[in-house]
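Worksheet for the structure shown next.
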Amino acid sequence: MGQLNGSEQIPVVKTGVDLLSRGLSHPWITGNRIGLITNPTGITADFVSTIDVCAGLANTELTALYACEHGLYGELQAGVRFGDMFHPRLDIPVFSLYGDYKKPTPAMLAGVDTVLFDIQDVGIRYYTYASTLFHMMDACAGAGKRMLILDRPNPLGGNVVEGGVLNAGYESLVGAWRVPVRTGLTIGELALMVNSEMDVPCELDVVAMEGWQRSMEFADCGLPWMLPSLDVTLSQYAHAGQCAGICGYVPVRRH
């Protein structure tokens, strides 16, 4: 029962973490040590943090957290680097993936068997969260770890793909894979596609949503919108982000 633009809605869509919080079991979670990549967008429909969901799972130990751009709490501006820390309540490491390392080191993965990912993507290539996911997939493949994506809606829907495909050789954190500007994929679908194209894929699975249809934009899902970054205050702004992302990387000459 999130709140969208001032009006209460009954959730139509159950995200991956919603299902996990309601008792869904997975063999890569039960009896395993798990790590989690998340930020403030990682919440259930009733605003329970994915961190707390994972920390409360029976027969499972949450041993590490991983933070990407904007930090674990979403408080940092774009481009601000930060270091590792310990979670003040859980007393487990929070490894920075937006500091000295973009790709996790073997030491960062040593204490986990499965890495979970739960972050709301915005459906466009420029966002660095997907790039962080791909780096983690690569690291998990090398370290023999598994990845489990808790899927979320593409806020732009799943019927439209737009924009040029990134050329090989031009990969960066704001474009880590050869996909169009507007992907038309959920983060779980994107991960599966990229994993199938990697030279060395990782063990990857997705906790699919219930109730989501490709025609749905975020406002149709009845879910609470949490800021993916300090610049995207409403889900509708993701549309504008397609153009803003292009403009942000075009050099401007002043006369």
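No experiment lies behind these values; they were computed from the predicted model shown.
- When every heavy atom of C221 is checked against every heavy atom of W212, the shortest pair comes out as SG-CD1, 4.0 Å.
- From L62, atom CG reaches atom CZ of R33 across 12.0 Å, with rounding to the nearest 0.5 Å.
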Item to complete: Kindly determine whether R89 and D52 satisfy side chain to side chain contact (heavy atoms under 4.5 Å, CB included), including the steps that lead there.
Response: CA-CA 11 Å; R89 177 165 50 85; D52 290 334; 2.8 Å; yes

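- Residue N32 forms a side-chain hydrogen bond (donor to acceptor under 3.5 Å, both in side chains) with just one option from H26, E61, R146, and that option is R146.
- The shortest side-chain heavy-atom distance between P224 and I43 falls under the 4.5 Å cut-off.
- For E69 (side chain) and G79 (main-chain N/O), a donor-acceptor pair under 3.5 Å exists by modelled atom type.
- Side-chain contact between V48 and D46 is present, with heavy atoms from C-beta onward closer than 4.5 Å.
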Worksheet item: side-chain hydrogen bond (donor to acceptor under 3.5 Å, both in side chains) between T15 and D18: does it pass, once the steps are laid out?
Response: CA-CA 5 Å; T15 65; D18 285 322; 3.0 Å; yes

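- Each salt bridge (Lys or Arg N to Asp or Glu O under 4.0 Å) pair with one or both residues in residues 186-196, not counting sequence neighbours, appears once here: E189-R214.
- D100 contributes no side-chain N or O that, together with a main-chain N or O of G83, makes up a donor-acceptor pair within less than 3.5 Å.
- Side-chain contact between L109 and Y66: present, with at least one pair of heavy atoms (C-beta onward) separated by less than 4.5 Å.
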Practice prompt. Might you work through the side chain to side chain contact (heavy atoms under 4.5 Å, CB included) test for L223 and V13, ending with a clear yes or no?
Written response: CA-CA 7 Å; L223 296 169; V13 172; 4.3 Å; yes

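- A donor-acceptor contact shorter than 3.5 Å links the side chain of T60 to the backbone of I29.
- Residue F117 forms a side chain to side chain contact (heavy atoms under 4.5 Å, CB included) with just one option from D151, I149, L204, and that option is I149.
- Residues V160 and V122 fall into different hydrophobic clusters, defined by Ile, Leu, Val, Met, Phe, Trp and Tyr side chains chained together at heavy-atom separations under 4.5 Å.
- A cation-pi arrangement, defined by a distance under 6.0 Å to the six-membered ring centre and an angle within 45 degrees of its axis, is absent between K103 and Y101.
- For R152 and D118, the salt-bridge test passes: some basic side-chain N is under 4.0 Å from an acidic carboxylate O.
- Residues I187 and I119 come closest through the heavy atom pair CG2-O, 4.4 Å.
- Hydrophobic clustering, with ILVMFWY side chains joined whenever heavy atoms are under 4.5 angstrom apart, keeps F86 apart from V94.
- When atom types are taken as modelled, the side chain of D138 and the backbone of H135 share no donor-acceptor pair closer than 3.5 angstrom.
- Within the model, atoms CG of L65 and CD1 of I51 stand 5.0 Å from one another, a figure rounded to the nearest 0.5 Å.
- For the pair L227/P40, no side-chain contact is recorded, criterion being any heavy-atom separation below 4.5 Å from C-beta on.
- Here the side chains of V207 and L116 are not in contact, with every heavy-atom distance at 4.5 Å or above.
- Note on L150 and M136: separate hydrophobic clusters, where clusters join Ile, Leu, Val, Met, Phe, Trp and Tyr whose side-chain heavy atoms are under 4.5 Å apart, directly or indirectly.
- You'll find the side chain of I37 reaches within 4.5 Å of the side chain of V115, heavy atoms only.
- There is no path of hydrophobic side-chain contacts, each under 4.5 Å, that joins M193 to L148.
- Once rounded to the nearest 0.5 Å, the distance linking CG of L24 with NZ of K14 reads 12.5 Å.
- Applying the ring-ring contact (aromatic ring centres under 6.0 Å, His included) test to pairs two or more places apart or on separate chains, none has a residue in residues 184-205.
- Under a hydrophobic clustering in which Ile, Leu, Val, Met, Phe, Trp and Tyr are joined whenever their side-chain heavy atoms come within less than 4.5 Å, directly or via other members, V112 and L90 fall into different clusters.
- The side-chain heavy atoms of C54 and T50, taken from C-beta on, include a pair separated by under 4.5 Å.
- For the pair L190 and N154, the minimum side-chain heavy-atom distance is 4.5 Å or more.
- Residue R182 comes nearest to L156 through the heavy atom pair NH2-O, 2.9 Å, listed as atom of the first residue, atom of the second, then distance.
- Residue K102 holds its NZ atom at 7.5 Å from OG of S96, rounded to the nearest 0.5 Å.
- Here the closest heavy-atom approach between residue A64 and residue I92 is recorded as N-CD1, 4.0 Å.
- For the atom pair L76 CG and N39 CG, the distance stands at 11.0 Å (nearest 0.5 Å).
- One distance of note links CE of M147 with CH2 of W28; it measures 10.0 Å at 0.5 Å rounding.
- A side chain to side chain contact (heavy atoms under 4.5 Å, CB included) with P153 is found for exactly one of Q213, E217, Q120, namely Q120.
- Considering all non-hydrogen atoms of both residues, L97 and P104 come closest at CD2-CG, 3.8 Å.
- The aromatic rings of Y129 and H70 sit perpendicular to each other, their planes meeting at more than 60°, with 30° as the lower class boundary.
- In plain terms, the two heavy atoms of P201 and A141 that are nearest each other are O-CB, 3.6 Å.
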